[in-house]
Peer 1: 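Below is a structure I'd like to ask you about.
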Amino acid sequence: MASIPKHRVSVIGGGGNVGAATAFSLIAKGVPAEVLIVDVVDKAAEGQALDISDAAFMMPGFCRKASFKEAGQSDVIIVTAGARQQPNEPRSALIDRNYKIIKSIMDSLQPIKQTAKILMVSNPVDVLTDIAQKTSGLPRNQVIGSGTYLDTGRLRNALSEITEVSPTSIHAYMLGEHGDNQFTGWSSARIGGRPLLDHPKMKEIDLDKIYEKIQRKAYVIIEAKGSTYYGIGICAATIAEALLNNTSQVFPVVNYVEKFGCYLSWPAAIGCDGVEQSFDVKLNEEEHKKLEAAIRAIKEVCDKYD
């Protein structure tokens, strides 16, 4: 029998679609880790773990069901569990319900490994990342959220179709709050070392329509098939891989930015210590106003859970 990988990644809520997509992505990407599926619904966790383990036979990692206590000793703890917003339910009520869920999860994980990194995926991710940090007791740099990474991927895909340049060579970000107060950092966007908006194929493009397309995409997917999970699954797995392998890659993740005094989606280099550094981003006056609106919205909610 092959030896157990030295790294351990736990997916809390792994019995659900997002958690299972995340765990599968870790295996499919060839991350050499023991992937633990944890869920309050034991049968769901068992079924997903058994199914994903069938896909691991040719990969360096493997997958199994585990307990919350085992998960607490992981190198990376990915949280995908949480309550969904009900029809006509105010956002404040959703946050109250998720606060109780996240606090219960953090209590169940105790004692949490002191060097563990927590990656929040559950929404509203900016606020829940703040709550996870406060309730877990881990340093801020070790608790991050998936943030606008997926939104940024959608943006780069859209820009790739226009410019005919690979999405990985387009440096543009969705920033701020992962939600209503996110915005596109057009001023900082670059392609081939030049401002993106100077590209000849961007001259006649309606930037607002691109933004609206990005904002609507999740709703289009949800209307068609009920929920989104593949995109966020690969994003979460990629961030976890950076945490394990100390790659220092820059992602627009939810991280605590000292100069703003809160968690928000902002470019940061991610490595084995979590957030290694956060970056200044060039913004114009209009983008600064959008950033300030996002900060106010996040702080207003987070301050209630001090």
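Note that the structure is predicted; figures quoted are calculated from it, not measured.
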Peer 1: Look at atom NZ of K43 and say whether more than 12 heavy atoms of other residues, nucleotides or ligands are closer to it than 6.0 Å.
Peer 2: no
Peer 1: Any link between I52 and L36 through a network of hydrophobic side chains (Ile, Leu, Val, Met, Phe, Trp, Tyr) touching at under 4.5 Å?
Peer 2: no
Peer 1: Just checking F279: does its CZ atom have more than 12 heavy atoms from other residues, nucleotides or ligands closer to it than 6.0 angstrom?
Peer 2: yes
Peer 1: Should V254 and V143 be regarded as members of a common hydrophobic cluster, given that ILVMFWY residues are connected when their side-chain heavy atoms come within less than 4.5 Å of each other, either directly or indirectly?
Peer 2: yes
Peer 1: Would one find more than 12 heavy atoms of other residues, nucleotides or ligands at under 6.0 Å from atom CZ of F24?
Peer 2: no
Peer 1: Among L26, I239, I118, which one satisfies side chain to side chain contact (heavy atoms under 4.5 Å, CB included) with I78?
Peer 2: L26
Peer 1: Would you check, one step at a time, whether the test side-chain contact (heavy atoms from CB on, under 4.5 Å) holds for K289 with E285?
Peer 2: CA-CA 6 Å; K289 289 179 181 178; E285 186 176 350; 4.0 Å; yes
Peer 1: Hydrophobic clusters here meaning ILVMFWY residues chained together by side-chain heavy-atom distances under 4.5 Å, can you tell me if I102 and V18 are in one?
Peer 2: no
Peer 1: Among H7, R64, K6, which residue satisfies the side chain to side chain contact (heavy atoms under 4.5 Å, CB included) criterion with E34?
Peer 2: R64
Peer 1: Hey, is D130 close enough to K134 for a salt bridge, meaning N to O under 4.0 Å?
Peer 2: yes
Peer 1: Can R156 be said to sit on top of Y173's aromatic six-ring, NZ or CZ under 6.0 Å from centre and within 45° of the ring axis?
Peer 2: yes
Peer 1: Nearest 0.5 angstrom please: S146 OG to H178 NE2, how far?
Peer 2: 6.0 Å
Peer 1: Is there a path of hydrophobic side-chain contacts, each under 4.5 Å between heavy atoms, that joins I144 and L138?
Peer 2: no
Peer 1: Hey, could you give me the NE2/CZ distance between H199 and R190, rounded to the nearest 0.5 Å?
Peer 2: 14.0 Å
Peer 1: Under a 4.5 Å side-chain heavy-atom rule over Ile, Leu, Val, Met, Phe, Trp and Tyr, are V257 and L291 clustered together?
Peer 2: yes
Peer 1: Take a 6.0 Å sphere around CG of D280 and say whether it holds more than 12 heavy atoms from other residues, nucleotides or ligands.
Peer 2: no
Peer 1: Return yes when atom NZ of K103 has more than 12 non-hydrogen atoms of other residues, nucleotides or ligands closer than 6.0 Å, and no otherwise.
Peer 2: no
Peer 1: Apart from L159 itself, which Ile, Leu, Val, Met, Phe, Trp or Tyr residues share its cluster (side-chain heavy atoms under 4.5 Å, direct or through members)?
Peer 2: L155, I162, V165, I170, M174, W186, I191, L196, L197, M202, I205, L207, I210, Y211, I214
Peer 1: Would the F260 and W266 ring centres measure less than 6.0 Å apart?
Peer 2: yes
